[in-house]
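Order of the sequence lines sets the chain letters (A, B, ...), proteins ahead of strands, with each chain counted from 1. Nothing here was measured: the structure is a model prediction, and the numbers come from that model.
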Protein chains: 2
Amino acid sequence: MVVYLDSDTNLSDDEVDRIFRALADATRRDIVRRTLVDEESISDLAARYEITFAAVQKHITVLQGAGLVTKHRSGRERLVRGNPEAIRKARTLLDAYERIWQGRIEQLDALLAEN
Amino acid sequence: MVVYLDSDTNLSDDEVDRIFRALADATRRDIVRRTLVDEESISDLAARYEITFAAVQKHITVLQGAGLVTKHRSGRERLVRGNPEAIRKARTLLDAYERIWQGRIEQLDALLAEN
DNA sequence: TAGATATACAACCATTAGGTTGCATGTTAG
DNA sequence: CTAACATGCAACCTAATGGTTGTATATCTA
């Protein structure tokens with residue numbers, strides 16, 4: 001299934017799966033949050049958590065696969081930067097769900113008004 | 001970590017994990033969408049997908065664990081109803097992330113304006 | 001009451017996820 | 001140039017996920 005949210009946003013199931021899956025982990029959400037504030041190197045990020053460097057690297061790979069962060073080289077470091085676009089996609093999908101529900105409520109209201 | 005989004009919404013990591021995890025599957029998103037429009041029995045839902053009844057039952061259990069749907073008995077059937085409250089929680093968290101990013105942009109703008 | 005329908009749930013299986021350690025490679029600083 | 005630092009990546013382990021089948025139980029309906 002492909003969801004058309006608005007004129008410039010259409011999302012495949014796979015893409016949405018990856019975004020929500022990536023957000024379903026507290027460490028990954030923390031990485032997204034921090035790198036939205038300011039870009040950070042992988043080492044900087046790894047130092048913040050109790051897991052190994054390699055584990056943090058894997059989390060970043062997952063986030064990158066979902067489009068939630070990007071990486072770019074700076075000397076021997078890789079700087080990680082949060083990407084608000086992927087977050088907006090997920091948020092827009094949830095907005096759509098909320099509107100569906102709102103629509104149901106309005107239909108119920110209309111039905112009540114009729115009788 | 002516990003996130004305080006607004007005066008009446010605070011979310012534990014576990015709760016957020018469960019919500020996003022539950023949404024990271026196309027079948028489950030479809031169930032949420034349909035049951036937001038109108039409540040449906042488990043059999044009704046199961047008939048729509050190519051997987052077994054038991055598999056659909058498991059998906060519903062996951063959604064229920066995340067608070068995304070509720071079940072209530074009606075005779076021998078169990079009716080499943082989408083719960084917009086859990087969706088709102090997830091959406092509000094993404095809103096917060098978008099605001100963080102917006103804040104960064106504004107700081108950069110201010111910095112540029114200074115120089 | 002018997003049979004059909006709706007659900008619950010346990011046991012099992014294959015795949016994925018999230019973690020580890022170890023090693024290779026590129027880059028910077030003395 | 002060498003040592004230290006930053007990263008990439010493979011191999012491995014365990015637990016969780018998403019599916020299956022099979023069985024049990026409750027509720028209608030004829």
### Message
For C:dA8 and B:R78 - does any side-chain N or O of the residue sit under 4.0 Å from the phosphate oxygens OP1/OP2?
### Response
yes
### Query
Counting side-chain heavy atoms from C-beta on, which of D:dG8, D:dA26, C:dT27 comes nearest to A:R73?
C:dT27
### Query
What is the distance, rounded to the nearest whole Å, between atom CZ of B:F20 and atom P of C:dA17?
18 Å
### Message
Expressed as a whole number of angstroms, how long is the span from A:H72:NE2 to D:dT7:P?
### Response
12 Å
### Message
Whole angstroms only, please: what is the CD-P distance between B:E40 and C:dT7?
### Response
11 Å
### Query
Are A:Q57 and D:dT7 close enough that a side-chain N or O sits under 4.0 Å from OP1 or OP2?
no
### Task
Grab the CD1-P distance between A:I42 and D:dC9 for me, whole Å please.
10 Å
### Rounded interatomic separation in angstrom, taking CD1 from B:I60 and P from C:dT7
8 Å
### Task
Spell out, as yes or no, whether a donor-acceptor pair under 3.5 Å connects the side chain of B:T35 to the backbone of B:R81.
no
### Query
With sequence neighbours left out, what residues match A:R33 under salt bridge (Lys or Arg N to Asp or Glu O under 4.0 Å)?
A:D30
### Query
Taking A:T52 for the side chain and A:A55 for the main chain, is one N or O donor matched with an acceptor at less than 3.5 Å?
yes
### Task
Would you confirm whether A:R73, through its side chain, and A:G75, through its main-chain N or O, come within 3.5 Å as a donor-acceptor pair?
yes
### Task
Indicate whether OP1 or OP2 belonging to C:dT25 is found under 4.0 Å from a side-chain N or O atom of A:R76.
no
#### Entry: side chain to side chain donor-acceptor pair (under 3.5 Å): pairs with one or both residues in residues 55-71 of chain B, sequence neighbours excluded
B:R28-B:H59
Could you list the protein-to-nucleotides 14-20 of chain D atom pairs, N/O on both sides, closer than 3.5 Å?
unit_1: D:dT17; atom_1: O3'; unit_2: B:R21; atom_2: NH2; d: 3.2
unit_1: D:dG18; atom_1: OP1; unit_2: B:R28; atom_2: NH2; d: 3.3
unit_1: D:dG18; atom_1: OP2; unit_2: B:R28; atom_2: NH1; d: 3.1
unit_1: D:dG19; atom_1: OP2; unit_2: B:H59; atom_2: NE2; d: 2.3
unit_1: D:dG19; atom_1: N7; unit_2: B:K58; atom_2: NZ; d: 2.9
unit_1: D:dG19; atom_1: O6; unit_2: B:K58; atom_2: NZ; d: 2.2
unit_1: D:dT20; atom_1: OP2; unit_2: B:T52; atom_2: N; d: 2.8
unit_1: D:dT20; atom_1: OP2; unit_2: B:T52; atom_2: OG1; d: 2.5

### Phosphate OP1/OP2 of C:dT7: any B:K71 side-chain N/O under 4.0 Å
no
#### Entry: Cationic N near anionic O, under 4.0 Å, A:D95 to A:R99
no
